[in-house]
Amino acid sequence: MRQPLSPAAQLFGDRVRSARIALGLSQESIAELAQMHVTNYGKIERGSSNPSLTTIIRIASVLGIEVSALTDGIGVDDLPPRYDVFTARSFIEARDAHR
């Protein structure tokens, strides 16, 4: 089985799966309602896919929850180590320090 892309993808997928299970529905049912292939939906639940914003909204809508229920608290610390995020605030501070 493929490893999750990141802790963020795993957290998101776990939340999607939990919401689906709470409804008592199969992956096939949710995928069909969200107008997506069940294989792609399964990858999202396993954290091995990075869904687009449109897909996230479709899934949340089908599950009857807000997008924020799936993404709340997921942040920069949940990104893969290869992403070294330099914030806009840090950029401005560094720029202004060199003026």
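Keep in mind that the numbers below use all heavy atoms, side chains included, and drop hydrogens, waters and symmetry copies. Being a predicted model, the structure only gives us computed values, none of them experimental.
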Checklist entry - Restricting to pairs with a member in residues 6-27, which pass salt bridge (Lys or Arg N to Asp or Glu O under 4.0 Å), not counting sequence neighbours? => result D14-R17, R17-E45, R20-E45
Next on the checklist: Between E66 and D72, does the side chain to side chain contact (heavy atoms under 4.5 Å, CB included) criterion hold? Intermediate values first, please.
Outcome noted: CA-CA 10 Å; E66 296 292 325; D72 187 48; over 6 Å; no
Checklist entry - What is the distance from atom OG1 of T71 to atom CD1 of I56, rounded to the nearest 0.5 Å? => result 7.5 Å
Item to check | D78 versus P7, closest heavy-atom pair with distance | outcome: O-CD, 3.2 Å
Next on the checklist: Quick check on the hydrophobic clustering: are Y41 and I65 connected, directly or via other members, by side-chain heavy-atom contacts under 4.5 Å?
Outcome noted: yes
Checklist entry - Step by step, would you call V62 with R58 a side chain to side chain contact (heavy atoms under 4.5 Å, CB included)? => result CA-CA 6 Å; V62 167; R58 286 188 352 235; 5.6 Å; no
Checklist entry - What's the spacing between T55 OG1 and I44 CD1 if we round to 0.5 Å? => result 6.0 Å
Item to check | Residues, nucleotides or ligands: over 12 heavy atoms within 6.0 Å of R89 CZ | outcome: no
Next on the checklist: Return the CG to CG distance between N50 and L5, rounded to the nearest 0.5 Å.
Outcome noted: 5.0 Å
Checklist entry - When hydrophobic residues are tied together by side-chain contacts of less than 4.5 Å, even through go-betweens, does I21 share a cluster with L33? => result no
Checklist outcome for this item: When rounded to the nearest 0.5 Å, the distance separating CD1 of I30 from CG of L63 is 5.0 Å
Checklist entry - How long is the span from the CZ atom in R46 to the CD atom in Q27, to the nearest 0.5 Å? => result 7.0 Å
Next on the checklist: With a 4.5 Å cut-off on side-chain heavy-atom distances among I, L, V, M, F, W and Y, is there a chain of contacts connecting F12 to L53?
Outcome noted: yes
Item to check | From S6 atom OG to D77 atom CG, the distance as rounded to the nearest 0.5 Å | outcome: 12.0 Å
Checklist entry - Of all heavy-atom pairs between F86 and F91, which one has the smallest distance, and what is that distance? => result CE2-CA, 3.4 Å
Item to check | Over 12 non-hydrogen atoms of neighbours within 6.0 angstrom of CD in E93 | outcome: yes
Checklist entry - What about M36 and V38, same hydrophobic cluster or not, with Ile/Leu/Val/Met/Phe/Trp/Tyr joined at side-chain heavy-atom distances under 4.5 Å? => result no
